[in-house]
Amino acid sequence: MQLDLQVCSRARLSRDPRFDGKFFIGVRTSGVYCRPICPAPTAKEKNCNYFPTAAAASEAGFRPCLRCRPECSPGTPAWLGTPNTVSRALRLIAESGLAETSMEDLAERLGVGSRHLRRLFVRHLGATPSAVAQTRRLHFAKKLIDETSLSMSEVALASGFGCVRRYNAAIRKTYDRTPTQIRRLARQKTIPAEDQYFFRLRFRPPYNWNGMLAFLAPRATPGVEVVEGGSYRRSISLNGKHGYFSVALDEVGSALAVRVQFGDPQSLFFIIERVRAMFDLSADWTAIVESLRADPDLARRAKAQPGLRVPGCWDGFEMAVRAILGQQITVKGATTLAGRLVRACGVAFPAAEGLTHVFPQPAVLAEADLRSIGLTNARAETIRAFARAVRDGEIRFGGITESQSFLRRLCEVPGIGSWTAQYVAMRALGEPDAFPSGDLGLAHALGLEGTRELERRAEAWRPWRAYAAMYLWSMGGPKSQSGRVTSAAQAIPVTPIDSRQHV
Ligand SMILES: [Zn+2]
């Protein structure tokens, strides 16, 4: 990744939060590396080095700043200007839950040589894969020290160090302080209840939180998800344990405030990574909208609703089931069906207000009689066939190294067509260029007649077509170019018809 030094310098001097996480500054006089927003007095330009990632600054021998806390910066917008292989490798490193990742394994899964992978990483991120993984472990450990009251041995395990001795040594080497000294600096005011954790996850402003909730609210599965009072909460199930989390906007800090209730601290990294993906916290909206602005309709919409993100999901399987339920019916109708499905097949889990169940596992839906909840035979069979494929490992949502082959496999399930696949790619795989072009709401929002016309126009929106889709859906039916109010004139899009040959 080539950093534009002039841009970096301007962003640093103005402490521009839109650049947070896009580069880091190593200050040679102090030996410390900082985020562009660091409140410490600005260093002289001649003493500054710029790095594309925290791992690169760390490899160059700089220590993380204790004031601006690089571990709190929004994620690196990895897909920006980096080749697919690097993005996919980063995804695999994140999914591995911080366990030691061998470079050979990683390279083999990606189908490239390990020397080639190393070269790609160094060229684009300024650091080797193992340095990137090690920096993530350290950053997460630092976050747990600062933001939780977990014991040091729990922090060591939860951040993937395996044993306390290695953890102590790594923290001491990086921060020049012991974990206990660092915790004293953090001065936590409140001690949360048992198994409860509170995190602040930063984003690069602007962030359209209302737009995010407006999308999630009508789609919230009754019993599993609740949107109210400006916050989102949901039940979760991991490795046989149940819990929940809630997310709200922290206006002051360009952050989301996340409260997690979960009995196993070793799952925290995974949970936090999922929340980050679900709320699209790594997105670099300013850069994305720069390329969408060429389209006057999108420019107008982006101006009216700055900071719109693509909502991801907690769980790919659940999201795909939800998408299948929504084929050919309204969002409201699909939400009602989802609520019935959860009551009939989910596991009762009375947690926070409004949360009564966790979403059913693939093995349960694979055998469930879903006609009783009001599904057509065909739709019920699609869900069962999809659930069987996931249960039997034919379709896996983890460790995806190549989206196209994943989507092809998904479309082999009778009743899943390209609309569902693209929608899943958009929300479960976080593919920024996924685009459900068969969606009638999208075409109508632009006053276009059909899919072909929409696809042609959408070519200019690559590689950010998922964001364009969000803009088109979010505005419902403003007047089209021709001044005619389109049939999509409703705030919530009707989930469209999937490709007919399958349905
Ligand atoms: Zn700093």
Side-chain angles (χ1 to χ4, degrees), residues 1 3-78 125-127 131-132 134-148 155 159 170-189 199-205 207 250 252-257 272 276 281-282 284 286:
M1 191 192 284
L3 289 175
D4 182 330
L5 296 185
Q6 266 187 339
V7 171
C8 288
S9 175
R10 271 204 305 274
R12 174 179 78 92
L13 293 171
S14 59
R15 300 195 169 91
D16 188 336
R18 290 171 307 165
F19 286 83
D20 195 6
K22 289 175 73 172
F23 68 89
F24 294 84
I25 306 138
V27 182
R28 283 194 298 278
T29 40
S30 60
V32 157
Y33 72 90
C34 286
R35 296 154 73 184
I37 56 143
C38 185
T42 39
K44 289 202 177 74
E45 190 67 43
K46 67 175 168 57
N47 294 326
C48 293
N49 286 8
Y50 295 99
F51 298 97
T53 57
S58 171
E59 281 216 295
F62 291 93
R63 275 181 291 115
C65 173
L66 291 171
R67 280 192 76 177
C68 62
R69 304 174 60 203
E71 69 275 11
C72 294
S73 72
T76 306
L125 303 177
V132 168
Q134 170 77 351
T135 302
R136 294 190 76 125
R137 269 194 290 277
L138 276 163
H139 279 189
F140 194 63
K142 174 72 162 46
K143 231 170 146 46
L144 294 178
I145 296 171
D146 285 348
E147 300 180 22
T148 74
V155 174
S159 47
I171 292 284
R172 205 191 266 270
K173 180 162 173 267
T174 307
Y175 289 94
D176 212 14
R177 284 171 172 78
T178 64
T180 316
Q181 285 170 327
I182 291 176
R183 180 160 274 172
R184 248 180 249 133
L185 284 175
R187 287 187 293 268
Q188 285 178 42
K189 285 177 211 80
F199 295 95
R200 296 174 79 237
L201 306 181
R202 308 300 203 283
F203 51 75
R204 274 174 287 272
Y207 189 103
D250 176 347
V252 191
S254 296
L256 296 185
I272 292 302
R276 264 188 220 283
L281 293 183
S282 302
D284 184 6
T286 313

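Below, each value reflects all heavy atoms present in this structure, side chains not excepted, and no hydrogens, waters or symmetry copies. Read the numbers this way: they start at 1 and go in the same order the structure lists the ligands and their atoms.
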Open item on the list: Between Gln134 and Arg137, do the side chains contain a donor N or O and an acceptor N or O under 3.5 Å apart?
Closed with: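 Checked: Arg137/Gln134 side chains pair up, N/O donor to acceptor below 3.5 Å.
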Open item on the list: Nearest 0.5 angstrom please: Arg200 CZ to Asp250 CG, how far?
Closed with: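 The distance works out to 4.0 Å.
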TODO: Is it possible for you to check whether Lys143 lies under 6.0 Å from the centre of the six-membered ring of Phe140, through NZ or CZ, and within 45° of that ring's axis?
DONE: no
Task: Salt-bridge present (Arg69, Glu147; N to O < 4.0 Å) - done: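 Counted as a salt bridge, because a side-chain N and a carboxylate O are separated by less than 4.0 Å.
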Open item on the list: Salt bridge check, Lys22 against Asp284: does any charged N sit closer than 4.0 Å to a carboxylate O?
Closed with: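 Yes, charged N to carboxylate O under 4.0 Å.
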Task: Sub-2.8 Å protein N, O or S atoms surrounding the Zn ion (ligand 1) - done: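 As for protein N, O or S atoms lying under 2.8 Å from the Zn ion (ligand 1), they are Cys34 SG, Cys38 SG, Cys65 SG, Cys68 SG.
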Open item on the list: Under the rule for ring-ring contact (aromatic ring centres under 6.0 Å, His included), what residues qualify as partners of Tyr50, not counting sequence neighbours?
Closed with: Phe23
